[in-house]
Colleague: 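Below are the structure tokens for one structure; questions will follow.
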There are 2 protein chains.
Amino acid sequence: MTDKTKNNSLNITAVDSSSLVDKVEQTLIDLLISEKLNPGDQIPKELELTEMLGVSRTVIREALNRLKTIGLIESTKRKGSTIKSPDLLFLLKKSLIPNILDQATLKDIFELRLVIEIGMSDLIYNRATPEDIAELEQIVATEPDSPKEVLFDVDHEIKFHGKLYQISGNHTLIDFQTILLPAFRYVYDSGMIESPNHDSKWVSHQDLVKILKDGNANKFRNAMRKHLDRHFKGYFK
Amino acid sequence: MTDKTKNNSLNITAVDSSSLVDKVEQTLIDLLISEKLNPGDQIPKELELTEMLGVSRTVIREALNRLKTIGLIESTKRKGSTIKSPDLLFLLKKSLIPNILDQATLKDIFELRLVIEIGMSDLIYNRATPEDIAELEQIVATEPDSPKEVLFDVDHEIKFHGKLYQISGNHTLIDFQTILLPAFRYVYDSGMIESPNHDSKWVSHQDLVKILKDGNANKFRNAMRKHLDRHFKGYFK
DNA sequence: TATTGGATTATGTCATACATAATGCGTTTC
DNA sequence: GAAACGCATTATGTATGACATAATCCAATA
């Protein structure tokens, strides 16, 4: 009778069900970490790894392929594989296909956008150049004065807020926006969330620009919060 | 004379240098999108794909392996591969190995943490239960009263802020924290950023809890900003 | 000196065979 | 008749050998 046949309170060690490729992948990642390898450094050739780890080239290749997929290495013919500083957001871009994400995650992402835009107010306020502000002014110039008349135009929305991301100067954030966008748009298009209405206290894009120009960091942050308030509705009541 | 031999101003179409696997991968992703497939749906078997796309099983497998790596599919023996709602952050966790990231990205991530923690103040304020607050009070109970005496203890820092992420109720954010953390710690340990000092206007953890309990959303958000101010130093001057 | 044209090397692709886990089904057993 | 067992089936997982292809080096040549 083997341990496997019994599932009661005997001290039975869990069987390692991971595949060979899984193990090799982890081994390689550990190697990258422990050896303190830097971008540009080379890792052993496939055939060398085959010998070192005692598995077939097939397995080595599949494991390397995974590292390649997550952007940790890069391989060229004759040269072999070299370490790379991964583009963190590149992956997200690939895997974030809205119709495949479940609703909970989509909602999380929607919230994430609100969180980020409020939080990055400080970056924006401290980094906006006069040229940036001029550009923002131009973007909002075509908007009607009265909030009541402002339709919710996703494209215009993206243009304005996209510029804000750019002003933040944080490239990871900028990439982030291009990732959040499809999900964001999807949330609206699919009717998960009702298109926002404006009440009288609403802060318009024009107001935001004004405050960015003449206010201070705190004012701008709080104004941004008010601007996004319409999106928060439905979450908190 | 082929187009390839000339590199001057002739109208020369760029050569497609992507590998077969690259193409198959993209083809499969397009398939997922266009066919409006949902999690749980099956995709064709490897051998079927081999016939459909006219490439060897090796290539098919490598492409599938990539989709598996980015969490879009899942494969089991005999059953084949099925679509999966990807865990977005799982990937980041793997590829974010601090010593491999370049400095610029590390700095971006450091900023990102600040952005997120300020921005999620609203989530925290609106979702904190009395039990949450009690727990926070317990965490900060051991801290000295005077800001001046507070040492910068990364572990304690993580404990407190980790609880805040949890209160936010946004699972993507919670995952995010476990990702930002190693990078965050690395930034300090490697001396890229000096360990913060507290000035007299500093808002302590204790202050934050008090405001979360008795203040309002705006006060809490601005307090959080002040609390993190020491980290912002060095960026803006 | 500059260019050309192999030789070399390591990854990329193909083909085939077998191992392994999951599933279903019929047979045995009580 | 129902549970348990064993066997065939199926699709992925692993191993192996062969060849294709791109990048690089180096020697021969003009």
Side-chain angles (χ1 to χ4, degrees), chain A residues 1-8 14-28 31-32 37 40-84, chain B residues 1-7 14-28 31 37 40-84:
Chain A
M1 175 173 56
T2 76
D3 284 355
K4 269 182 164 177
T5 58
K6 305 213 49 168
N7 57 0
N8 52 22
V15 172
D16 180 10
S17 70
S18 64
S19 72
L20 265 179
V21 178
D22 289 332
K23 288 173 196 148
V24 172
E25 180 192 5
Q26 197 52 50
T27 302
L28 291 176
L31 189 82
L32 297 195
L37 295 177
D41 290 350
Q42 302 228 6
I43 63 176
K45 316 299 176 195
E46 292 178 357
L47 287 177
E48 292 172 7
L49 287 172
T50 300
E51 279 203 11
M52 289 165 64
L53 302 182
V55 294
S56 75
R57 193 179 157 217
T58 307
V59 171
I60 298 290
R61 273 187 66 78
E62 292 215 358
L64 287 175
N65 197 18
R66 290 190 186 174
L67 298 193
K68 218 181 302 178
T69 305
I70 63 180
L72 280 179
I73 65 172
E74 200 172 26
S75 62
T76 55
K77 293 187 177 184
R78 176 172 174 106
K79 202 174 163 195
S81 299
T82 57
I83 311 241
K84 195 180 139 192
Chain B
M1 175 175 56
T2 76
D3 285 354
K4 271 181 161 178
T5 58
K6 307 213 47 167
N7 59 358
V15 173
D16 180 9
S17 70
S18 63
S19 73
L20 265 181
V21 178
D22 288 334
K23 286 173 197 146
V24 172
E25 180 193 4
Q26 196 53 51
T27 303
L28 290 177
L31 189 80
L37 294 178
D41 290 350
Q42 303 229 5
I43 65 175
K45 317 297 176 196
E46 292 178 357
L47 287 177
E48 292 172 7
L49 288 171
T50 301
E51 279 204 9
M52 289 165 63
L53 302 182
V55 294
S56 76
R57 193 178 155 218
T58 306
V59 171
I60 297 290
R61 274 187 65 79
E62 293 214 354
L64 286 176
N65 199 11
R66 288 189 187 176
L67 298 193
K68 217 181 306 179
T69 304
I70 62 180
L72 281 179
I73 66 172
E74 196 172 29
S75 64
T76 54
K77 294 191 175 179
R78 174 169 176 110
K79 202 173 163 195
S81 299
T82 58
I83 309 228
K84 195 180 140 193

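These numbers come from the heavy atoms of this one structure, side chains and all, not from hydrogens, waters or symmetry mates.
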Colleague: Pairs under 3.5 angstrom only: tabulate donor-acceptor contacts from the side chains of residues 61-69 of chain B to other protein residues two or more places apart or in another chain.
Modeller:
from, atom 1, to, atom 2, distance (Å)
B:R61, NE, A:E62, OE2, 3.2
B:R61, NH1, B:E46, OE2, 2.9
B:R61, NH2, A:E62, OE2, 3.2
B:E62, OE2, A:R61, NE, 3.2
B:E62, OE2, A:R61, NH2, 3.2
B:N65, OD1, A:R66, NE, 3.2
B:N65, ND2, A:E62, O, 3.4
B:N65, ND2, A:E62, OE1, 3.3
B:R66, NE, A:N65, OD1, 3.1
B:R66, NH1, B:D22, OD1, 2.8
B:R66, NH1, B:E25, OE1, 3.0
B:R66, NH2, A:N65, OD1, 3.4
B:K68, NZ, B:S75, OG, 3.1
B:T69, OG1, B:N65, O, 2.7

Colleague: Whole Å only: how far is the CG atom of A:D22 from the C1' atom of C:dT20?
Modeller: 15 Å

Colleague: For B:E74, check side chain to side chain donor-acceptor pair (under 3.5 Å) against everything at least two apart and list the hits.
Modeller: none

Colleague: Pull out every residue in residues 56-75 of chain A that has a heavy atom closer than 4.0 Å to any atom of DNA chain D, ordered by number, or say none.
Modeller: A:S56, A:R57, A:T58, A:V59

Colleague: Could you pull out all residues at least two apart from B:E51 that satisfy side chain to side chain contact (heavy atoms under 4.5 Å, CB included)?
Modeller: none

Colleague: End-to-end bend of the helix from C:dT1-D:dA30 to C:dC30-D:dG1 (five-pair axes, 10° rounding)?
Modeller: 0°

Colleague: What closest approach, in Å, do B:K45 and B:G80 show between heavy atoms, and which atom pair accounts for it?
Modeller: NZ-CA, 4.2 Å

Colleague: My understanding is that only residues two or more places apart in sequence, or in another chain, count here; which of them pass side chain to side chain contact (heavy atoms under 4.5 Å, CB included) with A:T76?
Modeller: A:K79

Colleague: Between protein and nucleotides 7-11 of chain D, what N or O pairs are separated by less than 3.5 Å?
Modeller:
from, atom 1, to, atom 2, distance (Å)
D:dT9, O2, B:R78, NH1, 2.6
D:dT10, O4', B:R78, NH1, 3.2
D:dA11, O4', B:R78, O, 3.2

Colleague: Tell me, please, which residues at least two apart from A:L20 pass side chain to side chain contact (heavy atoms under 4.5 Å, CB included).
Modeller: A:V55, A:V59

Colleague: Supply the atom-to-atom distance B:I83 CD1 to B:I73 CD1, rounded to the nearest 0.5 angstrom.
Modeller: 8.0 Å

Colleague: May I have the distance from A:L53 (atom CG) to D:dA15 (atom C1'), rounded to whole angstrom?
Modeller: 15 Å

Colleague: State which residues pass side chain to side chain donor-acceptor pair (under 3.5 Å) with A:E48; sequence neighbours excluded, sorted by chain then number.
Modeller: none

Colleague: How long is the straight-line distance from CG of A:L28 back to CD1 of A:I60, given to the nearest 0.5 Å?
Modeller: 6.5 Å

Colleague: Can you measure from CE (B:M52) to OG1 (B:T27) and round to the nearest 0.5 angstrom?
Modeller: 10.0 Å

